Amino acid sequence: MKIFHTADWHLGKLVQGVYMTDDQRYILQQFLQAIDEEQPDVVIIAGDLYDRALPPVEAVDLLDETLAEIVLKRKVPVLSIAGNHDSPTRLQFGSKLMQESGLHIIGELSKSIEPIILNDEFGEVHFHLVPFVEPSTVKNIFEDDAVTTYDEAMKKVIQIIEEKMDKSKRHVFIGHAFVTPYGEKEHNTSDSERPLAIGGSECVNAEYFKPFHYTALGHLHKAHYVLNETIRYSGSPLKYSASEANHEKGFLIVDLNKDGQVSVAKRPFIPLRDLRIIEGTIQDILKHGISEDYVFVRLTDLTPVVGAMEQIRTVYPNAMHVERKALPRLEDAENGEIVRREQMDEGSLFKAFHKEILGTEPTDYTQQLFEEVLQEMLAEEREGKEVIVK
């Protein structure tokens, strides 16, 4: 069975005030062309179809057009789940009707977790679709008070799946999570992806996925495998922040043979406009040829440059950000590393702000209150609710 594995489309994404819809449409046309050329048996979209719970109309239209091209025109089944940016209830709407046409979207986790079964010339392949869910949701669905972390939640879900697995069949897991080799904490692969947990661990142990012949993951924007080559992130199809400037974007073509062995190839996307980081003095940069690329500029001039952005946009009309490389940076007190403000997580930013304004570190109680409020706001945002700060 030939599988296309993609994820993290983030339709409706706004980068430095620029909507990426035209760039996303350009990439998705390449994806449709690849489907025509490769003739996959199924397409997997492992979460974060949209960038936010209430996407703009243009993003909804683009997803609708693309899925119609794949499912209705090309008759290729699509298996998709909600990510942490999606509204699970909105994605779930109409799912039973859409299944008849081959579009399977799972927005909300159910207690039964029944697989989607597709067939090839060698028999059945069972696809287990597990959308992004909070640990508290897993705890309530399965009535297990021991579930308090994302790691424990994923372990519980896979245990439920494994209890009913037909070991004679081939199995593919589709999930949206922060998976590391043994559940250890790692830095995110992109500044544009928000953390799943505030003040706690968001990482999941990759060893839990051993029962599956292939695990198709979403959430991290850099394509890579975890622990072994059958547990993979496809990465996002476009660069969505300066931290992704060196990523090679594309999607994965997975061939699953009759014995459940997989071979994986990466097919690159060619963007309408690349996203790059350029460094140099203003005079050197103004000597560059005109380019439509999105650029983040780091000026090495020792003195301030008046009207830097206006000057740079004479050669880079789509320039997104300008900063002086010589500007002071914040120091992360926990490990002594020098990091930029935009690279700090919410908790570290709060600590730095508190110290800058009041001159002291926040107490444990103050930090806990901040994390609880932020977690509540993120949960409401995922549901598309209006967030009101009291």
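On a predicted model such as this, the values are computed, not experimentally measured, just so you know. Reckoned from all heavy atoms, side chains included, excluding hydrogens, waters and symmetry mates.
- Note that the CE atom of M154 and the CG atom of N205 stand 11.0 Å from one another [nearest 0.5 Å].
- For the pair K164 and E114, the minimum side-chain heavy-atom distance is below 4.5 Å.
- A salt bridge does not link E152 to K139: none of the charged side-chain nitrogens sits closer than 4.0 Å to a carboxylate oxygen.
- Residues E244 and K222 are not paired through a salt bridge, judged by the lack of any N-O separation under 4.0 Å between the basic side chain and the carboxylate.
- Linking ILVMFWY residues whenever their side-chain heavy atoms come closer than 4.5 Å, directly or via other members, leaves F212 and L129 in distinct clusters.
- From K73, atom NZ reaches atom NZ of K75 across 11.5 Å, with rounding to the nearest 0.5 Å.
- Residues P131 and L109 form a side-chain contact, since some pair of their non-hydrogen atoms from C-beta on lies under 4.5 Å apart.
- Applying the ring pair (Phe, Tyr, Trp, His ring centres under 6.0 Å) test to pairs two or more places apart or on separate chains, those with a residue in residues 231-254 are F4-F251, H10-Y240, F31-F251, H224-Y233, F251-F269.
- Clustering ILVMFWY residues whenever any of their side-chain heavy atoms sit less than 4.5 angstrom apart, transitively, puts F127 in a cluster other than the one holding V76.
- When only modelled atom types and interatomic distance are considered, E134 and Y150 share a side-chain donor-acceptor pair under 3.5 Å.
- For K258, the NZ atom is loosely surrounded, since the number of other residues' heavy atoms within 6.0 Å does not exceed 12.
- The environment of CG in D259 is crowded: more than 12 heavy-atom neighbours from other residues, nucleotides or ligands sit within 6.0 Å.
- With respect to the salt-bridge test (charged N to carboxylate O, under 4.0 angstrom), the residues K239 and D274 qualify.
- The two residues H5 and L217 have their closest heavy-atom pair at NE2-O, 3.1 Å.
- Shown here are the side-chain hydrogen bond (donor to acceptor under 3.5 Å, both in side chains) partners of D144, two or more places apart in sequence or in another chain: K156.
- When the options P55, S192, P56 are evaluated for a side-chain contact (heavy atoms from CB on, under 4.5 Å) with K13, the one that passes is S192.
- Considering F209, Y214, Y208 as possible partners of F173, the one that fulfils the ring-ring contact (aromatic ring centres under 6.0 Å, His included) test is F209.
- Follow the hydrophobic side-chain contacts under 4.5 Å out from W9 and you reach M98 in the same cluster.
- Taking each heavy atom of A308 and L299 in turn, the nearest pair found is CB-CD1, 3.9 Å.
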Task: CA sep, side-chain torsions, deciding dist, call: D8, E193, side-chain contact (heavy atoms from CB on, under 4.5 Å) - done: CA-CA 10 Å; D8 297 284; E193 186 49 70; 4.2 Å; yes

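- At distances below 3.5 Å, at least one donor-acceptor pair connects side-chain atoms of N228 with backbone N or O atoms of T230.
- The line from CG of D145 to CG of N140 is 8.5 Å long, rounded to the nearest 0.5 Å.
- Using a distance-only test at 3.5 Å, with no hydrogens or angles considered, a donor-acceptor pair links the side chain of D120 to the main chain of G123.
- Among the candidates R52, Q24, H85, the single residue satisfying the side-chain contact (heavy atoms from CB on, under 4.5 Å) test with L11 is Q24.
- Proximity of a side-chain donor or acceptor of D86 to a complementary backbone N or O of P88 within less than 3.5 Å is not detected.
- Side chains of E229 and V264 form no contact here, defined as non-hydrogen atoms less than 4.5 Å apart.
- A 4.5 Å side-chain heavy-atom check between V295 and N318 finds every atom pair outside the cut-off.
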TODO: Under the side-chain contact (heavy atoms from CB on, under 4.5 Å) rule, what do I27 and D23 come out as? Steps first, then yes or no, please.
DONE: CA-CA 6 Å; I27 288 297; D23 301 79; 5.9 Å; no

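- When all heavy atoms are compared, the tightest approach of Q92 to G107 is OE1-N, 2.5 Å.
- Following chains of ILVMFWY side-chain contacts shorter than 4.5 Å, one can reach I45 starting from L62, so the two form part of one hydrophobic cluster.
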- [ ] Take F142 and I160 through the side-chain contact (heavy atoms from CB on, under 4.5 Å) test and state the conclusion after the steps.
- [x] CA-CA 9 Å; F142 299 108; I160 298 298; 3.9 Å; yes

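- Side-chain atoms of H213 never come within 3.5 Å of backbone atoms of V172 as a donor-acceptor pair (strictly under, hydrogens ignored).
- Comment: E310 does not engage R313 in a salt bridge, judged by the lack of any side-chain N to carboxylate O separation of less than 4.0 angstrom.
- For F122, the CZ atom counts as densely surrounded, since its 6.0 Å shell holds more than 12 non-hydrogen atoms of other residues, nucleotides or ligands.
- No donor-acceptor pair under 3.5 Å is formed between the side chain of D293 and the backbone N or O of L275.
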Task: Full working for side-chain contact (heavy atoms from CB on, under 4.5 Å) between E162 and K167 - done: CA-CA 9 Å; E162 197 170 5; K167 302 290 185 174; 3.3 Å; yes

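- Shown here for A216 and A46, the closest heavy-atom pair between the two residues is O-CB, 3.9 Å.
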Task: D301/R324 under salt bridge (charged side-chain N to carboxylate O under 4.0 Å, His left out): CA gap, chis, key distance, verdict - done: CA-CA 7 Å; D301 297 81; R324 285 180 58 200; over 6 Å; no

- [ ] Just do the side chain to side chain donor-acceptor pair (under 3.5 Å) check on T149 and D151 with the steps written out, would you?
- [x] CA-CA 5 Å; T149 67; D151 184 81; 5.0 Å; no

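- Counting only distance, with no hydrogens or angles, the side chain of H171 and the backbone of D166 share a donor-acceptor pair below 3.5 Å.
- Using a 4.5 Å heavy-atom cutoff, the side chains of V18 and Y294 are in contact.
- Within a 6.0 Å radius of CD in E248, other residues, nucleotides and ligands contribute 12 heavy atoms or fewer.
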TODO: Test side chain to side chain donor-acceptor pair (under 3.5 Å) on H176 and N84 and set out the steps.
DONE: CA-CA 8 Å; H176 194 90; N84 60 301; 2.9 Å; yes

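- We find the CD-CZ distance between E108 and R90 to be 11.5 Å, quoted to the nearest 0.5 Å.
- Between S241 and D191, the closest heavy-atom pair is OG-N, 3.9 Å.
- With a 6.0 Å radius and a threshold of 12 heavy atoms from other residues, nucleotides or ligands, E184 has its CD atom above the threshold.
- Taking the side chain as every heavy atom from C-beta outward, P115 and H128 approach each other to under 4.5 Å.
- Between S291 and R276, some side-chain heavy-atom pair lies under the 4.5 Å cut-off.
- Partner of R74 under the salt bridge (Lys or Arg N to Asp or Glu O under 4.0 Å) criterion, chosen from E69, E37, E38: E69.
- Here the side chain of S234 pairs a donor or acceptor atom with the backbone of A7 at under 3.5 angstrom.
- Considering only heavy atoms from C-beta on, I81 stays 4.5 Å or farther from V130 through its side chain.
- Between the CD1 atom of I277 and the NE2 atom of H321 there is a distance of 10.0 Å, given to the nearest 0.5 Å.
- Going from atom CD1 of I106 over to atom CD of Q99 covers 6.0 Å, rounded to the nearest 0.5 Å.
- At most 12 heavy atoms of other shown residues, nucleotides or ligands fall within 6.0 angstrom of atom OH in Y225.
- Linking Ile, Leu, Val, Met, Phe, Trp and Tyr residues whenever their side-chain heavy atoms come within less than 4.5 Å places V125 and V254 in a single cluster.
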